J.: 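Would you mind keeping the following structure in view while I ask a few things?
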Amino acid sequence: MRQPLFKLKRLLQWYRRHRRDLPWRRTRDPYRIWVSEVMLQQTQAATVIPYYHRFLKCFPAVHALSRARPDRLMKLWEGLGYYARARNLHAAAKQIMTLHGGRIPRRPEVFSTLPGAGPYTTAAVLSIAFGAPMAAVDGNVKRVVARLYDIGRPILPNDKEITGIAQAVLEDGTDRQVTNAGDFNQAMMELGARICTPRRPACPRCPLRSDCRAFRAGTVLERPVSTPRAARPHLRVVAGVVKKNGRVLIGRRPDRGLLGGLWEFPGGKIEAGETPQQALRRELREELCVDTRVSPMAAAVRHAYTHFSVTLSGHLCIIRRGRLHPTVHSRLRWVKPAKLDSVAMPEANRKLLRELRLRNLI
DNA sequence: TAGCCGTGGGG
DNA sequence: TCCCCAAGGCT
């Protein structure tokens, strides 16, 4: 420890007084806490709340989740993003049923073998549900500690110094019986989410400001030190609404990779020198092995992903020749337009669908 | 290990 | 409009 410990009692007192009444704070069920922690990965609490309720209504316990049908699971996760989290949660539930008698493992070295359980999630679930003395280091904790100690270097993904400080403070607090591990971890994260925010920190209301080196040095807004990011490329993409007998064609994306397991309108990237219509005819030939007639653009939307952004133009299509044979999708389905709401689709496809419906094109 | 993996909100 | 960031993990 490079510095005397900050005043833990003030932090805990502040937490008891100002903590938000979040649904996963009303239970001690390790399964529910685990589900919440997975949903909260890279996702703000306010976004998670409705998903959390719907998910647990459908899958109230590990055994129910272990028997979930993938399409139903993905529909519940639709819009929450990072869909591998849902697939990992499902695989982990099966693993818990077959290997651990249906009970959430309490030992860190066992829990962390579950798919999707990294250092943060393992520490968070086991400390909150079982009181395990493990510091849960998320983005909030990194920011809070970087400011408290005025750390003038970039924080690494798995930062030993940050983890060491958080762990030492936690152990000091539990030794002196000032706190339990779960409350400490949640208090640190709550402080980061409510007071020690990235852009506009509320230092005057911070219970730790008298211990905060960055506050004293006037470097709060420069901590943590940020590293430059790569620019996001912009892609032009086409999607085909292939119609036949009052139904439209959708394909299920492969389980691995971007938007894995979600259903979409077939299509793909526009290559250099191609018109959107040419690109779509080529994509449908490559993806579905059929020759099509493609309309001019019917609607277009913009969407931003983490590493790139797209403009997605939608076109109405009919099949002229050939028998459907998917080369990239795991399955194809003809569905009535109204049924598109019951399958899990990427947000960009949802936007396009809304535009097409506004124009009565689907 | 650094790039990949979604979406919504805020400034 | 654009950029940053959010209760991270996997490969």
Side-chain angles (χ1 to χ4, degrees), chain A residues 15 19-20 22-25 33-52 74 77-89 91-92 111-128 134-144 154-159 162-163 166 182 184-194 196-201 221 224 226-234 253-262 264 301-311 344-351:
Chain A
Y15 177 63
R19 55 182 265 170
R20 290 168 291 179
L22 299 168
W24 42 91
R25 288 182 177 158
I33 292 166
W34 172 41
V35 169
S36 77
E37 287 301 340
V38 173
M39 288 186 169
L40 286 163
Q41 290 169 8
Q42 297 288 284
T43 311
Q44 299 188 118
T47 303
V48 166
I49 291 173
Y51 285 90
Y52 176 81
M74 297 315 289
W77 210 272
E78 179 186 51
L80 199 53
Y82 286 132
Y83 298 96
R85 293 184 294 174
R87 299 192 299 272
N88 286 335
L89 203 54
F111 187 94
S112 59
T113 66
L114 299 173
Y120 164 77
T121 304
T122 299
V125 172
L126 297 187
S127 68
I128 295 169
M134 310 172 68
V137 179
D138 73 333
N140 289 307
V141 175
K142 286 179 182 173
R143 185 172 58 256
V144 168
I155 306 302
L156 303 172
N158 202 335
D159 199 287
I162 301 278
T163 304
F184 169 76
N185 284 330
Q186 294 189 81
M188 289 288 280
M189 292 188 280
E190 191 81 353
L191 187 74
R194 307 274 293 183
C196 196
T197 57
R199 305 295 189 87
R200 193 184 285 267
L221 291 178
S226 59
T227 53
R229 326 199 140 190
R232 276 191 314 196
H234 185 82
R253 294 176 63 91
D255 277 316
R256 303 225 168 212
L258 183 69
L259 305 168
L262 273 62
E264 65 173 7
V301 297
R302 298 171 62 85
H303 189 73
Y305 296 88
T306 307
H307 283 75
F308 59 95
S309 60
V310 300
T311 56
M345 298 184 84
E347 181 55 25
N349 272 239
R350 285 274 166 230
K351 285 183 186 171

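Owing to the predicted nature of the structure, the values given are computational and were not obtained by experimental measurement. Every chain is numbered from 1 and lettered A, B, ... according to where its sequence line falls, protein lines coming before strand lines.
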J.: Rounded to whole Å, please give me the gap between CH2 in Trp34(A) and P in dG8(C).
T.: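 Checked: the CH2 to P distance equals 18 Å.
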
J.: Once you apply a heavy-atom cut-off of 4.0 Å, does Ala304(A) come out as touching a base, just sugar-phosphate, or nothing?
T.: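 Touches a base.
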
J.: Can you tell me how far apart CH2 (Trp77(A)) and CZ (Arg87(A)) are? Round to the nearest 0.5 Å.
T.: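 The CZ atom of Arg87(A) is 11.0 Å from CH2 of Trp77(A), to the nearest 0.5 Å.
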
J.: Map Gly116(A) and Leu22(A) onto DNA chain C by nearest heavy atom, then report which one ends up closer to the 5' terminus.
T.: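 First, find each residue's nearest nucleotide; the 5'-ward one identifies Leu22(A).
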
J.: Within less than 4.0 Å of OP1 or OP2 of dC4(C), is there a side-chain N or O belonging to Arg232(A)?
T.: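 No, because none of the side-chain N or O atoms of Arg232(A) sits under 4.0 Å from OP1 or OP2 of dC4(C).
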
J.: Provide the distance between the two C1' atoms, one in dG6(B) and one in dC5(C), to the nearest whole Å.
T.: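 Going atom to atom, C1' in each nucleotide, I get 13 Å.
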
J.: Want to settle it: does Lys351(A) or His307(A) sit nearer the 5' end of DNA chain B, counting the closest nucleotide to each?
T.: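 Upstream on the strand: His307(A).
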
J.: Rounded to the Å, how far apart are Asn158(A) CG and dT1(B) P?
T.: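 In whole Å, dT1(B) P and Asn158(A) CG are 10 Å from each other.
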
J.: Please find the pair of heavy atoms, one from Glu78(A) and one from Tyr51(A), that lie closest to each other, and give the distance.
T.: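 That closest heavy-atom pairing would be O-OH, 2.8 Å.
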
J.: dT7(B), dC4(C), dA7(C): which one has an atom nearest the side-chain heavy atoms of Trp24(A)?
T.: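 Taking heavy atoms from C-beta onward, the closest nucleotide is dA7(C).
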
J.: Between atom CD1 in Ile162(A) and atom P in dA7(C), what is the gap in whole Å?
T.: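 Ile162(A) atom CD1 is separated from dA7(C) atom P by 15 Å.
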
J.: Is the shortest side-chain heavy-atom distance between Tyr82(A) and Gln42(A) below 4.5 Å?
T.: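 Side chain of Tyr82(A) against side chain of Gln42(A), heavy atoms only: contact under 4.5 Å found.
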
J.: Tell me what Pro346(A) touches on the nucleic acid: a base, only sugar-phosphate, or nothing, going by heavy atoms under 4.0 Å.
T.: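 Sugar-phosphate contact only - Pro346(A) comes under 4.0 Å of backbone atoms but never of a base.
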
J.: dA7(C) P sits how many Å from Ile128(A) CD1, rounded?
T.: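 Going from CD1 in Ile128(A) over to P in dA7(C) covers 13 Å.
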
J.: For a quick test of reading the model: is some side-chain N or O of Gln42(A) closer than 4.0 Å to OP1 or OP2 of dA6(C)?
T.: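 It does not, given that no N or O in the side chain of Gln42(A) lies less than 4.0 Å from OP1 or OP2 of dA6(C).
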
J.: For dA6(C), does either OP1 or OP2 sit under 4.0 Å from a side-chain N or O belonging to Tyr82(A)?
T.: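 Answer is no, no contact under 4.0 Å.
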
J.: For Arg199(A) and for Glu347(A), locate the closest nucleotide of DNA chain B by heavy-atom distance; then report the residue assigned to the nucleotide nearer the 5' terminus.
T.: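 Counting from the 5' end, the first nearest nucleotide belongs to Glu347(A).
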
J.: In whole Å, what is the span from the CG atom of Leu221(A) to the C1' atom of dG11(B)?
T.: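 My rounded result for the distance is 13 Å.
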
J.: Is the phosphate of dG9(C), meaning OP1 or OP2, less than 4.0 Å from a side-chain N or O of Thr121(A)?
T.: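 Answer yes for this pair, as a side-chain N or O of Thr121(A) is under 4.0 Å from OP1 or OP2.
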
J.: Toward the 5' end of DNA chain C, which comes first, Arg143(A) or Gln41(A), by nearest nucleotide?
T.: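 Whichever sits nearer the 5' end wins; that is Arg143(A).
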
J.: Which nucleotide in the set dA6(C), dA7(C), dG6(B) lies at the smallest distance from any side-chain heavy atom of Tyr305(A)?
T.: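 Among the listed nucleotides, the one closest to the side chain of Tyr305(A) is dG6(B).
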
J.: Determine the minimum heavy-atom distance between Arg143(A) and Gly192(A), stating which atoms define it.
T.: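 The answer is NH2-O, 2.8 Å.
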
J.: Ala124(A) and Ala136(A): which non-hydrogen atoms are nearest, and at how many Å?
T.: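 Of all heavy-atom pairs spanning Ala124(A) and Ala136(A), the closest is N-CB, 3.8 Å.
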
J.: What distance, rounded to whole Å, do you find between the two P atoms, one in dC4(C) and one in dG3(B)?
T.: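 Here dC4(C) and dG3(B) have their P atoms 16 Å from each other.
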
J.: Taking the side chain as every heavy atom from C-beta outward, state whether Leu259(A) and Glu264(A) have any atom pair closer than 4.5 Å.
T.: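 Not touching, per the 4.5 Å side-chain cut-off.
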
J.: Could you give the CZ-to-P distance, from Arg87(A) to dC10(C), as a whole number of Å?
T.: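 Rounded to the whole Å, the gap is 12 Å.
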
J.: Can you tell me how far P in dA7(C) sits from the matching atom in dA2(B), rounded to whole Å?
T.: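 Rounded to whole Å, the distance is 24 Å.
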
J.: If you compare all heavy atoms of Thr311(A) against all heavy atoms of His234(A), which two are closest, and at what distance to 0.1 Å?
T.: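 Smallest interatomic distance, heavy atoms only, reads CG2-NE2, 3.1 Å.
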
J.: Which heavy atom of Trp34(A) sits nearest to which heavy atom of Phe111(A), and what is that distance?
T.: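 Heavy-atom minimum between the residues: CD1-CZ, 3.7 Å.
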
J.: For Arg256(A), answer base if it contacts any base atom (sugar-phosphate contacts may also be present), sugar-phosphate if it contacts only those atoms, and nothing otherwise; contact means non-hydrogen atoms under 4.0 Å.
T.: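 The answer is sugar-phosphate, as Arg256(A) gets under 4.0 Å only of primed atoms, P, OP1 or OP2.
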
J.: Identify which nucleotide among dC5(B), dT7(B), dA7(C) has an atom closest to any side-chain atom of Leu259(A), counting heavy atoms from C-beta outward.
T.: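 Minimum distance to the Leu259(A) side chain belongs to dT7(B).
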
J.: Roughly how many Å apart are dT1(C) and dG8(B), using the C1' atom of each and rounding to a whole number?
T.: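 It works out to 16 Å between them.
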
J.: With heavy atoms under 4.0 Å as the rule, sort Thr43(A) into base, sugar-phosphate or nothing.
T.: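 Thr43(A): base contact, heavy atoms under 4.0 Å.
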
J.: Which whole-number value in Å describes the distance from Arg229(A) CZ to dC5(B) C1'?
T.: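 Result: 14 Å.
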
J.: When you get a sec, tell me which of dA7(C), dG9(C), dG3(B) is the closest nucleotide to the side chain of Pro119(A)?
T.: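 Nearest to the side-chain atoms of Pro119(A), counting from C-beta on, is dG9(C).
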
J.: Expressed as a whole number of Å, how far does the C1' atom of dT7(B) sit from that of dT11(C)?
T.: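 Taking atom C1' in both dT7(B) and dT11(C), they lie 23 Å apart.
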
J.: Do the non-hydrogen side-chain atoms of Thr43(A) and Leu80(A) ever get within less than 4.5 Å of each other?
T.: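 The answer is yes, as the side chains (C-beta and beyond) meet within the 4.5 Å cut-off.
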
J.: Which one, dG8(C), dC5(C), dT7(B), comes nearest to the side chain of Asp138(A)?
T.: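 That would be dG8(C).
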
J.: Grab the CD-P distance between Glu37(A) and dG9(C) for me, whole Å please.
T.: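 Roughly 10 Å, once rounded to whole Å.
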
J.: Does dG6(B) have OP1 or OP2 under 4.0 Å away from a side-chain N or O of His303(A)?
T.: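 No.
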
J.: Any chance the side chains of Arg85(A) and Thr121(A) put a donor and an acceptor closer than 3.5 Å?
T.: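 Their side chains do not contain a donor-acceptor pair, so the 3.5 Å distance test is not met.
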
J.: As a check on the pairing definition, encode DNA chain C in dot-bracket form, counting Watson-Crick and G-U wobble pairs whose two distances are under 3.5 Å, and using | for partners outside this strand.
T.: .|||||.||||

